[in-house]
Amino acid sequence: MVRVRFAPSPTGPLHIGGLRTALFNYLFSRKNNGKFILRIEDTDQQRYVPGAEQYIIDSLNWVGLKYDEGPDVGGDFGPYRQSERLDIYKKYVQQLIDNGWAYYAFDTPEELEQMRQRLREQKSPVQLYNHLTRGDMKNSFTLPEHEVKQLIEKGTPYVIRFNMPANQEIVVYDIIRGEVKVNSDTLDDKILFKSDGFPTYHLANIVDDHLMQISHVIRGEEWLPSLPLHWLLYKAFGWEPPKFAHLPLILKPTGKGKLSKRDGDKMGFPVYPLDWKDPNTGEIIRGYREWGYLPEAVVNILALLGWNPGTDQEIFTIDELIEQFSLERVQKHGARFDPEKAKWFNQQHLKRKSDDELLELFMPILENQGIKAERDYVKRVIQLLKERVEFIEDFWTKGSYFFERPKDYDPKAAKKAWKQNTSEIMLELKDFLSQIQDFSSKNLEEQLKNWVEQKQLSFSKVFTPLRLAIQGNTAGPHLFDMLELLGKQEVLIRIDNAIKHFSQSGK
RNA sequence: GCCCGGUUCGUCUAGUGGUUAGGACGCCAGGUUUUCAACCUGGAGGUCACGGGUUCAAGUCCCGUACCGGGUGCCA
């Protein structure tokens, strides 16, 4: 039985890198008819951010990554919040102490810093708390047993450390990278239990993954260096380790490093799934949803960042991704995020949506603008604009003139379109239009083209300013479809307005 | 510093010893259109990080170097 988990910590909004980890876990579980579990790793009280857990849940729901077990949906292996499992960790860490794999340490943070400082000054290649240095520190190796007992009883703060064995070749296996070998001397006696009574990630994740019967741990590459420790922990408990797969990181579009929260606003693309309001500063960082991205596009973008099916297919539904996904085809190296291609993906998914789906998405935006419009009318607008839109908002930003008369005329376009005698031509055109009874696109096109030819004018001399009068700019859908939709009366008013406007501005 | 991982057009990538190194985004040009977008056609863009091997043959296997990324916390 395949059981995988996504295990974020609620220290802030979920980053799209995290969302991709969740996605790959989800795809893998569905592909293998397994279970997908959400576990909240809230063992760091200092960094806990209120609202972050709900944000994670909302984000997963938005992109449609439904989990089978989790803090809000329950399951047979709960609780799914690590802060609610403290007793479990205590029990298991005691087991490690009893069999010699863990020990007490009483060093203060200052003393630890002193030790590292000392080792740095000695130009020691490694500055670790391990078998070479723990003899100089305050722990249950150096202190007599009764003193350890006394210190604990007195309430002296202590941590529990892993007893990292000396000079051992540790061979671990990763599905994406294969065998990885590490010598234990480069590892340290990691803290398993903090003095605040909370376990560290290292302990909690092993205990939980085992107890929750996780079969595959799929997580970010930043965890690869601690895989040997985790491997040893399984050994210390006498448990069979799950399979591991470490996903490559998502990097900034330019420059160096992994994608971070600041990159988005700086470079004009979102890094968070949903809007996030910082509880301290009140600052709002825009999310994919609010930016106008479709959840299916976000899934598609993320899926192809570090994975590919080996075919030329690039546009996928979630079901196609499930069908084709495999960990073996995950890339080893980090992938730079490309905001331009992200837009393209959104456009592709937008084009694949039905008019009715687009209508549902666009209506709220219209209402937000204070526009009341008939659904049938809006649907027609959508049909005309569909091919030239990247985001749902574009139906408004590129089509507001369907709902209100142009407030102004794009100066650049106007300069090109509205010449000396344009007003006269438009006046005549208005006259002609007012006599046309059948205001259908087809008939308009035929009649107007005839008219232009009879007048011995060029199409562009007539149609470009007409478009300008209608829209306020000169780029848009098929002119005659637009005229039909707007209707005769409105068209005549807009022509009139334009003539007035340009006569006032001196033309 | 030390440890781990990585390295194919600007970007995402195909490629698992024998191909003119293929595709996509973006860019440029042409076609179509009254216009824009979409669409179609074409183009530019890669000394496969570099240097050594192994081999009749290497982007593909091995070693070294460089560079990039990650880790090195009583963070996850």
Side-chain angles (χ1 to χ4, degrees), chain A residues 7-11 41-44 46-47 105 107-109 112-113 116 119-120 123-128 157-161 172 174 176-177 180-183 185-188 190-196 198 200-202 204-205 219-228 246 248-249 251 253-254 256-258 301 304-315 331-345 347 351 385-390 394 398 413 416-417 445 448-449 452 458-468 471 473-480:
Chain A
S9 63
T11 53
E41 311 230 316
D42 53 350
T43 53
D44 186 344
Q46 263 77 46
R47 292 204 306 154
D107 317 277
T108 64
L112 291 173
E113 185 42 48
R116 292 189 192 107
L119 290 168
R120 266 194 298 271
K123 296 245 165 36
S124 163
V126 287
Q127 294 122 32
L128 303 173
Y158 67 90
V159 298
I160 299 170
R161 287 183 177 271
V172 299
D174 176 274
I176 295 164
R177 287 147 221 281
V180 178
K181 292 187 189 126
V182 185
N183 189 291
D185 280 355
T186 67
L187 272 22
D188 64 350
K190 271 272 170 306
I191 291 172
L192 301 178
F193 226 91
K194 300 181 271 184
S195 57
D196 64 0
F198 279 70
T200 61
Y201 169 86
H202 300 294
N205 110 83
R219 85 237 278 203
E221 193 186 345
E222 69 268 27
W223 292 111
L224 195 53
S226 49
L227 178 56
H246 290 86
L249 265 18
L251 308 170
T254 54
K256 301 168 179 185
K258 59 177 176 182
I301 292 163
L304 262 60
L305 237 33
W307 174 85
N308 76 82
T311 65
D312 280 348
Q313 186 178 356
E314 294 208 90
I315 304 300
Q331 220 69 236
K332 290 185 178 71
H333 57 264
R336 206 152 274 162
F337 183 85
D338 182 352
E340 285 305 315
K341 194 153 186 178
K343 276 190 209 166
W344 178 78
F345 275 116
Q347 186 184 41
K351 277 171 72 174
L385 250 25
K386 199 172 173 178
E387 293 296 306
R388 44 211 107 209
V389 137
E390 275 176 334
D394 292 342
K398 295 186 176 182
K416 272 180 106 168
E445 179 162 4
L448 284 178
K449 281 185 172 171
V452 170
S458 70
F459 286 157
S460 64
K461 257 214 141 119
V462 179
F463 295 148
T464 311
L466 176 56
R467 180 183 289 281
L468 182 72
Q471 312 177 199
N473 60 56
T474 55
H478 192 60
L479 177 61
F480 308 102

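Using modelled atom types, one finds a donor on one side chain and an acceptor on the other under 3.5 Å when comparing A:R219 with A:H246.
When the nucleotides B:C3, B:G6, B:C74 are ranked by their closest atom to the side chain of A:K194, B:C74 comes out on top. Nearest to the side chain of A:Y201, among B:C12, B:A76, B:U34, sits B:A76. The side chain of A:R467 lies closest to B:U35 when the candidates are B:G26, B:G5, B:U35. Distance from the side chain of A:L479 is smallest to B:U34 among B:U34, B:A37, B:G71. Nearest to the side-chain atoms of A:I191 among the listed nucleotides B:C3, B:C74, B:A76 stands B:C74.
Among the protein residues, A:D107 comes within range of the nucleic acid bases, having at least one heavy atom under 4.0 Å from a base atom. If you check every strand for non-hydrogen atoms under 4.0 Å, A:R47 touches a base.
Contact annotation: side chain of A:R388 to base of B:C36, donor-acceptor pair present below 3.5 Å. Interface remark: the A:K341 side chain does form a donor-acceptor pair with the B:A24 base, using a distance-only criterion of under 3.5 Å.
For the P atoms, the distance linking B:G45 with B:A37 amounts to 25 Å, nearest Å. B:C56 and B:G15 have their P atoms separated by 28 Å, with the value rounded to a whole Å. Separating the C1' atom of B:G23 from that of B:C61 is a span of 27 Å, rounded to the nearest Å. Using P as the reference atom, B:C12 and B:G30 are 30 Å apart when rounded to the nearest Å. With both ends at atom P, the span from B:G46 to B:G52 equals 23 Å, rounded to whole Å.
Not counting sequence neighbours, A:E222 has no partner by the salt bridge (charged side-chain N to carboxylate O under 4.0 Å, His left out) test.
Base-pair partner of B:A66: B:U7 (Watson-Crick or G-U wobble, both distances under 3.5 Å). Summarising the base pairing, B:C27 is matched to B:G43 through a Watson-Crick or G-U wobble pair whose two defining distances lie under 3.5 Å.
In this structure, CG of A:D188 is placed 12 Å from C1' of B:C74, rounded to the nearest angstrom.
Here A:D338 does not pair with A:R336 in a salt bridge; the nearest charged N to carboxylate O distance is not below 4.0 Å.
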